[in-house]
Amino acid sequence: MSGEQSGAFAQIVEQDLVEPIKDLCALFEAQQAQAEFAFFSNLLFHLRDPDDEASVLFAVIELSKCAFLGFVYSEEAKLRIDLLLERAITLSHTMSAN
């Protein structure tokens with residue numbers, strides 16, 4: 001990936017994954033949903049370098065597990081997570097394209 005493409009990729013990751021996950025973390029913190037906060041905060045750790053496609057792909061795969069961890073989400077969190085998953089799927093398709 002060229003430097004320009006890499007920068008564009010990092011911006012998309014920041015906009016479509018990092019910022020929505022930060023917003024979710026703030027919501028979980030306000031709701032005192034500690035396990036949910038911890039899970040999504042860990043995703044942010046893996047997204048600390050939005051240029052690293054392998055780390056981004058790992059975070060997307062981990063994100064897909066959020067429905068199977070036994071968390072009970074508020075309606076607002078469910079809506080945000082659904083949008084986040086849609087963005088993550090689109091991003092992962094883009095990464096796997098030649």
Side-chain angles (χ1 to χ4, degrees):
M1 198 180 300
S2 73
E4 188 174 309
Q5 288 173 326
S6 179
F9 177 74
Q11 284 181 315
I12 291 168
V13 170
E14 190 71 32
Q15 174 185 318
D16 288 356
L17 296 180
V18 173
E19 289 305 318
I21 292 173
K22 285 181 180 177
D23 291 343
L24 267 173
C25 286
L27 177 64
F28 291 137
E29 187 173 33
Q31 295 175 341
Q32 297 181 348
Q34 296 170 349
E36 293 85 342
F37 176 84
F39 175 79
F40 284 89
S41 293
N42 187 52
L43 293 178
L44 287 176
F45 173 78
H46 292 290
L47 293 168
R48 68 191 178 282
D49 181 4
D51 279 324
D52 182 0
E53 285 191 46
S55 292
V56 172
L57 190 55
F58 178 81
V60 167
I61 292 167
E62 287 297 300
L63 175 62
S64 69
K65 296 177 181 178
C66 72
F68 306 103
L69 299 174
F71 296 145
V72 178
Y73 300 112
S74 67
E75 287 303 314
E76 183 177 356
K78 286 179 192 176
L79 291 172
R80 291 184 188 193
I81 292 167
D82 284 346
L83 288 172
L84 179 59
L85 286 168
E86 285 179 30
R87 291 175 180 150
I89 290 167
T90 300
L91 185 61
S92 66
H93 286 284
T94 303
M95 288 188 315
S96 62
N98 289 333

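Since the model is a prediction, treat every value here as computed from it, not as a measurement.
The heavy-atom pair separating Pro50 from Val56 by the smallest distance is O-CG2, 3.9 Å. Scanning both residues, Asp51 and Ala10, for their nearest heavy atoms gives OD1-CB, 3.1 Å.
Applying the salt bridge (charged side-chain N to carboxylate O under 4.0 Å, His left out) rule to pairs touching residues 57-74 yields Glu62-Lys65, sequence neighbours excluded. Residue pairs that meet the salt bridge (charged side-chain N to carboxylate O under 4.0 Å, His left out) test with at least one member in residues 69-85, sequence neighbours left out, are Glu75-Lys78, Glu76-Arg80.
Phe40 pairs in a side-chain contact (heavy atoms from CB on, under 4.5 Å) with only one of the listed residues (Asp23, Ile81, Leu27), which is Ile81.
One hydrophobic cluster holds both Leu69 and Tyr73 under the rule that ILVMFWY side chains link at heavy-atom gaps under 4.5 Å. In the hydrophobic cluster analysis, where Ile, Leu, Val, Met, Phe, Trp and Tyr join through side-chain heavy atoms closer than 4.5 angstrom, Leu79 is grouped apart from Ile89. Residues Leu47 and Ile61 fall within the same hydrophobic cluster, defined by Ile, Leu, Val, Met, Phe, Trp and Tyr side chains chained together at heavy-atom separations under 4.5 Å.
In this structure, NE2 on His46 lies 11.5 Å from CG on Asp52, to the nearest 0.5 angstrom. For the atom pair Phe39 CZ and Leu24 CG, the distance stands at 10.5 Å (nearest 0.5 Å). Once rounded to the nearest 0.5 Å, the distance linking CD1 of Ile21 with CD of Glu14 reads 10.0 Å.
Side chains of Leu84 and Pro20 form a contact here, defined as non-hydrogen atoms less than 4.5 Å apart.
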TODO: Evaluate the side-chain contact (heavy atoms from CB on, under 4.5 Å) criterion for residues Leu43 and Leu17: first the C-alpha distance (whole Å), next the side-chain angles of each, then the deciding distance (0.1 Å), finally the verdict.
DONE: CA-CA 9 Å; Leu43 293 178; Leu17 296 180; over 6 Å; no
- [ ] Show your reasoning for whether side-chain contact (heavy atoms from CB on, under 4.5 Å) applies to Val60 and Ser92.
- [x] CA-CA 7 Å; Val60 167; Ser92 66; 4.0 Å; yes
